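Protein chains get the first letters and strands the later ones, always in sequence-line order, with residue 1 at the start of each. All values derive from a computational prediction rather than experimental measurement.
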2 protein chains.
Amino acid sequence: MKLTEAKQQFISSWGAFGTHWGINRTMAQIHALLLVSPEPLTQDDIMEELNISRGNTNMNIRELINWGLVERVLISGERKEFFSAEKDIWKVVKQIVKERKKRELEPMLQLLDKLEAVEGDKKDKEVKTFVDTISGIKKLGKQADKTLDTMIRAEESWFVGALMKVFK
Amino acid sequence: MKLTEAKQQFISSWGAFGTHWGINRTMAQIHALLLVSPEPLTQDDIMEELNISRGNTNMNIRELINWGLVERVLISGERKEFFSAEKDIWKVVKQIVKERKKRELEPMLQLLDKLEAVEGDKKDKEVKTFVDTISGIKKLGKQADKTLDTMIRAEESWFVGALMKVFK
DNA sequence: ATATATTTTCAATAATTTTTGAAATTTCGA
DNA sequence: TCGAAATTTCAAAAATTATTGAAAATATAT
């Protein structure tokens, strides 16, 4: 397979992949393109490569920057802005985990705390099932929260090594 | 907070949560409703509770069954079908991990194997960056695949206990 | 076997999300 | 300070995804 074709396939699959994870196709594709580009690219480069409009490109680049996956690069002598993606995949994964934890897991845990305190008689089967389910989710959620915290702080080599010991 | 209100909030949040994970709102809401119902429910119960049409209800119940999260229950003396959700959250998480691994991670790893074998001179910066990125993703992906396999086989108590040792 | 209840399908419609492109704003060199 | 280049915004349009509801298919009781 030629490089051009391989790149296309990677970008298109990464885009499809993203849609299963609540990330829009274009954002994932821009990320994929930057991941495999040795040099930083401009908005115009990205627009041309992916055949998307200026507005779309701009919005999605900014979103990638918000997620901490892409950064602006200043190249001296150039008027335009350049963009490049973090290439270390372990760092990328940690960054995504960190953001999703903050945006989704933490608010969910807060809600569960509130819901667990529902009024009513625990001997009522309806109440009992509700409280037990919420408690079960909360327990696992809190555990996941702690585990992810440690993972975010971990070095890849340490993390993989430690996991290998557990999951022999 | 009253049970009715708490239930509503849980169902609506679980639905919103689902949309961030590539699961449609209704499917997640039906799952939430069944999670907090002590007794199995019929299609009509679900339609009424969530105010959705028969077709929508039917399709999403079947999808939940495909995911292995809900099962048909036969109640003797009843003509209608009843549905109930697995209440053990650890089992639910394992089931979701298992399905997504099969549907997403494994196909992605297969693709990466193909893409890694791209033609071209490794001294070409374009080729090198591409191959290095793909290899990096593949390496982490394979590791994740193995780790998830072990997790799927694990008992919750063993898993949590082992993790606690690693992430002290 | 027939009637009736129940489930499933799917084309049409509605709702939501994404994309466009042109105008407004900002940046920066001369 | 001015003017051109670059970036950002956002209302309208397009594309995608979800939902409805009625008809078809299936299952069950009598």
Side-chain angles (χ1 to χ4, degrees), chain A residues 11-34 39-67 70-84 103-104, chain B residues 11-34 40-67 69-84 103-104:
Chain A
I11 290 168
S12 126
S13 307
W14 204 248
F17 205 63
T19 61
H20 291 137
W21 291 86
I23 287 158
N24 90 39
R25 191 184 310 281
T26 303
M27 185 171 149
Q29 288 186 347
I30 294 175
H31 187 224
L33 173 61
L34 290 173
E39 306 293 342
L41 302 179
T42 63
Q43 271 199 28
D44 290 278
D45 294 334
I46 295 168
M47 283 167 61
E48 197 180 329
E49 193 84 31
L50 302 179
N51 281 297
I52 54 179
S53 71
R54 182 171 305 285
N56 194 8
T57 308
N58 189 272
M59 280 171 116
N60 282 292
I61 289 176
R62 274 186 302 112
E63 195 59 13
L64 282 164
I65 293 173
N66 282 344
W67 275 81
V70 163
E71 62 170 18
R72 269 175 235 274
V73 177
L74 292 173
I75 292 189
S76 64
E78 292 280 1
R79 174 88 178 261
K80 288 185 178 175
E81 291 178 328
F82 285 73
F83 302 94
S84 87
R103 295 172 190 211
E104 295 160 34
Chain B
I11 289 167
S12 127
S13 306
W14 204 246
F17 204 63
T19 61
H20 290 136
W21 291 86
I23 288 157
N24 91 38
R25 190 183 312 281
T26 302
M27 183 172 151
Q29 288 186 348
I30 294 175
H31 187 224
L33 173 61
L34 290 174
L41 302 179
T42 63
Q43 270 198 31
D44 290 279
D45 294 334
I46 294 168
M47 284 168 60
E48 195 179 332
E49 193 84 30
L50 303 179
N51 281 296
I52 55 181
S53 70
R54 182 170 303 284
N56 195 10
T57 308
N58 189 272
M59 278 171 115
N60 281 293
I61 289 176
R62 274 185 302 112
E63 194 59 13
L64 283 164
I65 293 174
N66 282 344
W67 275 83
L69 298 174
V70 164
E71 61 171 19
R72 268 174 236 274
V73 177
L74 291 175
I75 293 189
S76 63
E78 291 282 359
R79 173 89 177 260
K80 285 185 181 178
E81 291 178 330
F82 286 73
F83 302 94
S84 88
R103 295 172 190 213
E104 295 160 33

Requested in this report: Please name all residues satisfying side chain to side chain donor-acceptor pair (under 3.5 Å) with A:N58, sequence neighbours left out, ordered by chain then number.
Outcome: A:R62
Report summary line: Rounded to whole Å, the CD1-C1' distance (B:I61 to D:dT19) equals 15 Å
Query - Any residue meeting side chain to side chain donor-acceptor pair (under 3.5 Å) with A:R79, in chain and number order, not counting sequence neighbours - result: none
Report summary line: Across all chains, not counting sequence neighbours, the side-chain contact (heavy atoms from CB on, under 4.5 Å) partners of B:D45 are B:L41, B:T42
Query raised in the report: Tell me, which of residues 72-80 of chain A have any heavy atom that sits under 4.0 Å from an atom in DNA chain D?
Result: A:R72, A:R79, A:K80
Let me check something: any side-chain donor-acceptor pairs from residues 13-21 of chain A under 3.5 Å, sequence neighbours excluded? List them with distances.
from, atom 1, to, atom 2, distance (Å)
A:S13, OG, A:Q9, O, 2.8
A:T19, OG1, A:A16, O, 2.5
A:W21, NE1, B:E104, OE1, 2.8

Report task. Return no unless some side-chain N or O of A:R62 is found under 4.0 Å from OP1 or OP2 of D:dT9. Result -> yes
Query raised in the report: Quick one: side-chain contact (heavy atoms from CB on, under 4.5 Å) partners of A:E49, sequence neighbours excluded?
Result: A:L33
Query - Heavy-atom pair with the smallest gap, counting every atom of B:L69 and B:H31 - result: CB-NE2, 4.1 Å
Query raised in the report: Near DNA chain C, which residues from residues 15-26 of chain B have a heavy atom under 4.0 Å away?
Result: none
Report summary line: Distance col, row B:M47:CE vs B:S53:OG, nearest 0.5 angstrom, shows 7.0 Å
Polar atom pairs between nucleotides 10-14 of chain D and protein, under 3.5 Å, N or O only, would you list them?
none

Report summary line: Rounded to whole Å, CG of B:N60 lies from C1' of D:dT19 at a distance of 9 Å
Requested in this report: Tell me, please, which residues at least two apart from A:F83 pass side-chain contact (heavy atoms from CB on, under 4.5 Å).
Outcome: A:L34, A:Q43, A:I61, A:I65, A:V70, A:R72, A:E81
Report task. Could you tell me from which nucleotide to which nucleotide of DNA chain C, 5' to 3', there is an atom under 4.0 Å from chain A heavy atoms? Result -> C:dT18 to C:dC28
Requested in this report: List for me each residue that meets side-chain contact (heavy atoms from CB on, under 4.5 Å) alongside A:S12, sequence neighbours excluded, and say none if there are none.
Outcome: none
Requested in this report: Identify, with sequence neighbours excluded, every residue that meets side chain to side chain donor-acceptor pair (under 3.5 Å) alongside A:R25.
Outcome: none
Query raised in the report: Rounding to a whole Å, what distance do you find between B:R54:CZ and D:dA24:C1'?
Result: 14 Å
Report summary line: Output for pair (B:Q29 CD, B:T57 OG1), nearest 0.5 Å, gives 11.0 Å
Query raised in the report: What pair of heavy atoms forms the shortest contact from B:M27 to B:N24, and how long is it?
Result: N-OD1, 2.9 Å
Query raised in the report: Which of these, B:I52, B:I23, B:T26, sits in a side-chain contact (heavy atoms from CB on, under 4.5 Å) with B:N60?
Result: B:T26
Report summary line: Rounded to whole Å, the CD-P distance (B:Q29 to D:dT19) equals 8 Å
